[in-house]
Amino acid sequence: MEKYRNPNSELDGEFHTELHRGFRFEFIRGDRYTKDEVVAVVITDPTIRLPLGVALGDTKEKIIKLLGQPAISKDESIEYELSYDWSFLTFRFTRNRLIEFEVSYEHE
């Protein structure tokens, strides 16, 4: 049985990505006995906000003011560890403006 492949899907080794109306789902490929597993959901829809008011277009400084110091800070991204084992909330920027945010977990 062949799996349905979304026409917006990009394959990259054992990972693949599917795009769906403002969301990007990142999967790790399962084998013939297990299903593919979601390892990240990336939000690219500008109408979606986090409960604290974070939205696409916000500055890095605003997000740090709302959420506190991140665990990891780079020029183009900041990352917070969530309370779940190996779970992360990552914000990505271009010219200091938020372009997407991602909820992910480290796959074993």
Side-chain angles (χ1 to χ4, degrees):
M1 175 193 279
E2 191 169 298
K3 289 185 179 180
Y4 167 76
R5 185 176 297 165
N6 183 314
N8 295 323
S9 179
E10 300 172 18
L11 298 176
D12 181 26
E14 64 180 293
F15 292 93
H16 70 109
T17 300
E18 293 185 6
L19 306 174
H20 298 276
R21 295 184 187 162
F23 294 91
R24 187 171 71 236
F25 296 91
E26 297 178 0
F27 298 86
I28 188 165
R29 189 170 311 290
D31 59 26
R32 62 185 266 194
Y33 302 106
T34 61
K35 295 181 180 180
D36 292 358
E37 184 177 344
V38 176
V39 293
V41 177
V42 181
I43 293 85
T44 57
D45 183 337
T47 64
I48 296 174
R49 293 182 167 275
L50 289 177
L52 291 174
V54 173
L56 297 184
D58 286 347
T59 64
K60 186 185 297 187
E61 292 77 19
K62 177 182 177 181
I63 294 168
I64 291 172
K65 184 177 179 181
L66 289 170
L67 302 178
Q69 286 300 313
I72 299 171
S73 182
K74 299 177 182 174
D75 287 340
E76 300 296 319
S77 67
I78 55 177
E79 189 171 288
Y80 293 87
E81 289 184 40
L82 301 175
S83 59
Y84 313 107
D85 288 339
W86 298 101
S87 298
F88 304 94
L89 178 58
T90 304
F91 297 92
R92 293 191 186 87
F93 303 89
T94 297
R95 293 186 288 282
N96 198 40
R97 294 291 177 178
L98 183 63
I99 59 168
E100 66 181 23
F101 54 94
E102 169 183 306
V103 178
S104 62
Y105 81 97
E106 191 72 31
H107 182 76
E108 298 174 6

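Throughout, numbering of the chain's residues begins at 1 and tracks the sequence. As the structure is a prediction and not an experimental result, all values here were calculated from the model.
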Compare every heavy atom of [Y] with every heavy atom of [X], then report the nearest pair and how far apart it is.
{"X": "Lys60", "Y": "Asp75", "answer": "NZ-O, 2.9 Å"}
{"X": "Val54", "Y": "Asp58", "answer": "CA-OD2, 3.4 Å"}
{"X": "Thr90", "Y": "Ser77", "answer": "CG2-CB, 4.4 Å"}
{"X": "Gly53", "Y": "Lys62", "answer": "O-NZ, 3.9 Å"}
{"X": "Leu67", "Y": "Leu52", "answer": "CD2-CD1, 3.1 Å"}

- Query: Has the side chain of Thr44 got a donor or acceptor atom that lies under 3.5 Å from a matching backbone atom of Gly22?
  - Reply: yes

- Item | Side-chain (Tyr80) to main-chain (Phe91) donor-acceptor, under 3.5 angstrom | no

- Task: Tell me, with the steps shown, if Asn96 and Glu61 meet side-chain contact (heavy atoms from CB on, under 4.5 Å).
- Result: CA-CA 9 Å; Asn96 198 40; Glu61 292 77 19; 2.8 Å; yes

Identify whether [X] and [Y] are in the same connected component of the hydrophobic contact network (ILVMFWY, side-chain heavy atoms under 4.5 Å).
{"X": "Val103", "Y": "Ile48", "value": "yes"}
{"X": "Leu89", "Y": "Val42", "value": "no"}
{"X": "Val41", "Y": "Leu56", "value": "yes"}
{"X": "Ile64", "Y": "Leu82", "value": "yes"}

Check whether any side-chain heavy atom of [X] sits under 4.5 Å from a side-chain heavy atom of [Y], and report yes or no.
{"X": "Ile99", "Y": "Phe93", "result": "no"}
{"X": "Phe25", "Y": "Leu19", "result": "no"}
{"X": "Glu18", "Y": "Glu26", "result": "no"}
{"X": "Ile63", "Y": "Ile78", "result": "yes"}
{"X": "Arg97", "Y": "Thr59", "result": "yes"}

- OG1 of Thr47 to CG of Asp45, rounded to nearest 0.5 Å, is 3.0 Å

- Query: Should the pair Lys74-Glu79 be classified as a salt bridge under the 4.0 Å nitrogen-to-oxygen rule?
  - Reply: no

- Item | Pairing of Glu76 and Arg92 as salt bridge, 4.0 angstrom limit | no

